[in-house]
Amino acid sequence: MAGRPRAQPAVPPLPHGRTDRPRIVGAPRRAMTRVRFAPSPTGRLHVGNARAAILNWLFAHQTGGSFLLRLDDTDRARSTVEFAQGIEADLAWLGLTHDAFARQSDRFPIYAAAAERLKAAGRLYPAYETPEELDRRRARQRARGLPPIYDRAALKLTGDERARLEAEGRTPHWRFKLNGAPVRWTDLIRGPVEIDTATLSDPVLIREDGAFLYTLPSVVDDADLAISHVIRGEDHVVNTAAQIEIFQALGAAVPEFAHYPMILDVDGGPLSKRLGSLGLADLAGQDIDPMALNSLMAKIGTSDPVEPRRTLAELAAEFAFSKIGHAPARLDPEDLRRLTVKLLHMKPYDEVAAAVPGGEAFWLAIRDNLESLDDAAGWWRAVSEPLEPLAADPAVLAAAAALLPSGDLGEAAWGPWTKAVSAATGKKGRELFLPLRLALTGRDHGPEMKKLLPFIGRERALARLGGQRA
RNA sequence: GGGGCCUUCGUCUAUCGGUUAGGACGGCAGCCUCUCACGUUGCAAAGACGGGUUCGAUUCCCGUAGGCCCCGCCA
């Protein structure tokens, strides 16, 4: 924490907010953990966003802190209320509740005030190049093998030149003047990081049309809303250097940072190309269990085995930055399917009661065999409604009918009964059991017969063994 | 072109310079008196390449190759 470069003098604190972490009165001097998930409502959530949301949520809950949902809707042209609602629905599907909510479009005056303070401090300067000029300039730099960094030509403009440009009708955009010195922080995942802001362009904070770009609102909100930890993907690592300078220029406390590696697609390529098919709404439509996604996103790329967890609380208890590796990890959508099936096999009856006929005992008898919840109803029909038995071996079926124990058929009935049938017919193994299964259930696969038989019942079993529809 | 990060079984990873390189997922095989599933036991499966340092390198250093990220008036 100490010893961070503060080459620029700090300007006075934000008039409306705090510049330090809140302290609980009477509590030890320990800042409360406060994290945020900050999607832009320009689309629905996909697995990439979900990872950010989940990791932040888990850390907040593990540390007893709070989780803020912040809609970064500074891009008013692309942001919609429908997407904002969709994102909330996506989070609700995952079970990621938030403790606080903010919307950047509600906070423009705050950003304007911060911008004014940066201007007063000489850190925010007007530039008049058009996007096309900048594009051309970058292309030229690249062609000459130079890094496409803004050359700060606007900084050299005289007052007269500026006046002339404005007279021509040009409106400036505003850039933050970087220190051009190394920025260092200790990343909770990556360890010590050093980025030399001399290798970066001065970031544009305000567009020509007056709109705030992501960078300034993000920093102002993180400071103003007392975010203690910024947990995000490594695509933000370089931004972080510039953002730290902005925190410092605003005299705000710099939060802790944790940048986790990107997720790759199953072939090791960028996931972004496949994000279209990995939207949360799509996954929900494919009956993926939200805890399958939560479990995968919490465990992928970590030293923990990728196993399903039934609750977010378990995942939170197991969360640790130190378990997260530094290399990008591949996402196999098939894992989501596998985890969903495993979760299904773990489901207690009360969670599926509405979708599963037959009661708890029946559920426990069949759940380990299911690929999907929908199959449960089919098995209930197979034991409780008339079906056409399949007769494969009349001798076996006749012996089975003759030897069927009297009275109620419990789970214990199957073993002795089939042994007796085996003794009577000389059949064993597949030749014995497959005809019985076909006759009793009309199918050649399914849950264990000893568990199914009690639900079929003596009377119906007898009829089916006799080849009758029952 | 520049900067950052990375490279161990198919996949995710463990390894404080000395290990039969461990685990998990997936795969395969056996067992669980039938199938599928569950469970269980077992098997196969890895240090990108080239140098250097060292008694000894997967581990430290350099280089090469490959991958990911960033270099936007997007977020």
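At distances below 3.5 Å, at least one donor-acceptor pair connects side-chain atoms of A/Arg44 with backbone N or O atoms of A/Gly86. With hydrogens and angles disregarded, a donor-acceptor distance shorter than 3.5 Å links the side chain of A/Arg34 to the backbone of A/Leu225. Formation of a donor-acceptor pair under 3.5 Å by the A/Glu256 side chain with backbone atoms of A/Leu188 is not found in this model. For A/Asp202 (side chain) and A/Lys177 (main-chain N/O), no donor-acceptor pair under 3.5 Å exists by modelled atom type. Judged purely by atom type and a 3.5 angstrom limit, A/Thr340 has no side-chain atom pairing as donor or acceptor with the backbone of A/Ile288.
Between A/Ile195 atom CD1 and B/G3 atom P there is a gap of 12 Å when expressed in whole angstrom units. Between the CZ atom of A/Arg184 and the P atom of B/G3 there is a distance of 17 Å, rounded to whole Å. One atom, NZ of A/Lys323, and another, C1' of B/A24, lie 13 Å apart when rounded to the nearest Å. Across the protein-nucleic acid pair, A/Ile300 atom CD1 and B/G26 atom P stand 15 Å apart, rounded to whole Å. Separating the CD1 atom of A/Ile263 from the P atom of B/C6 is a distance of 18 Å, rounded to the nearest angstrom. If you take CG of A/Asp304 and C1' of B/U13, they are 10 Å apart, rounded to a whole angstrom.
Ring-plane geometry between A/His98 and A/Phe101 is classed as tilted, the angle between the planes lying from 30 to 60 degrees on a 0 to 90 degree scale.
Across all strands, A/Gly415 comes closer than 4.0 Å to base atoms (heavy-atom distances).
Here B/C34 sits opposite no nucleotide as a Watson-Crick or G-U wobble pair (both hydrogen-bonding atom distances under 3.5 Å). With a 3.5 Å ceiling on both atom-pair distances, B/G72 lacks any Watson-Crick or G-U wobble partner. Under the Watson-Crick and G-U wobble criteria, each requiring two contacts below 3.5 Å, nucleotide B/A65 is paired to B/U7. As the counterpart of B/U15, no nucleotide is assigned, since no Watson-Crick or G-U wobble pattern has both distances under 3.5 Å. For B/U54, there is no paired base (Watson-Crick or G-U wobble, both distances below 3.5 Å).
Position along RNA chain B of the nearest nucleotide to A/Ser303 versus A/Pro192 favours A/Pro192 as the more 5'-ward residue.
Shown here is A/Glu411, whose CD atom has more than 12 heavy atoms of other residues, nucleotides or ligands within 6.0 Å.
Contact annotation: A/His326 side-chain N/O to B/C5 OP1/OP2 distance is not under 4.0 Å.
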Contact pattern, 5' to 3', of nucleotides 34-48 of chain B - B, S or - by protein heavy atom under 4.0 Å = BBBBS----------
inquiry  = Base contacts versus sugar-phosphate-only contacts with protein, heavy atoms under 4.0 Å: please encode nucleotides 58-75 of chain B as B, S and - from 5' to 3'.
reply    = ---------SBSSBSBSB
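In summary, the aromatic rings of A/Tyr214 and A/Phe212 are positioned with their centroids too far apart to meet the 6.0 Å limit.
Side chain to side chain, A/Arg232 and A/Thr240 meet the donor-acceptor criterion of an N or O pair below 3.5 Å.
Within residues 392-402 of chain A, no residue approaches RNA chain B, by heavy-atom distance under 4.0 Å.
For B/U20 and B/G52, the C1' atoms lie 29 Å apart once the distance is rounded to whole Å.
Scanning all heavy atoms of the two residues, the minimum distance from A/Thr197 to A/Ala241 falls at CG2-CB, 4.0 Å. Closest of all the heavy-atom pairs between A/Val306 and A/Leu339 is CG1-CD1, 4.1 Å. Of all heavy-atom pairs spanning A/Ala249 and A/Leu118, the tightest one is CB-CD2, 3.7 Å.
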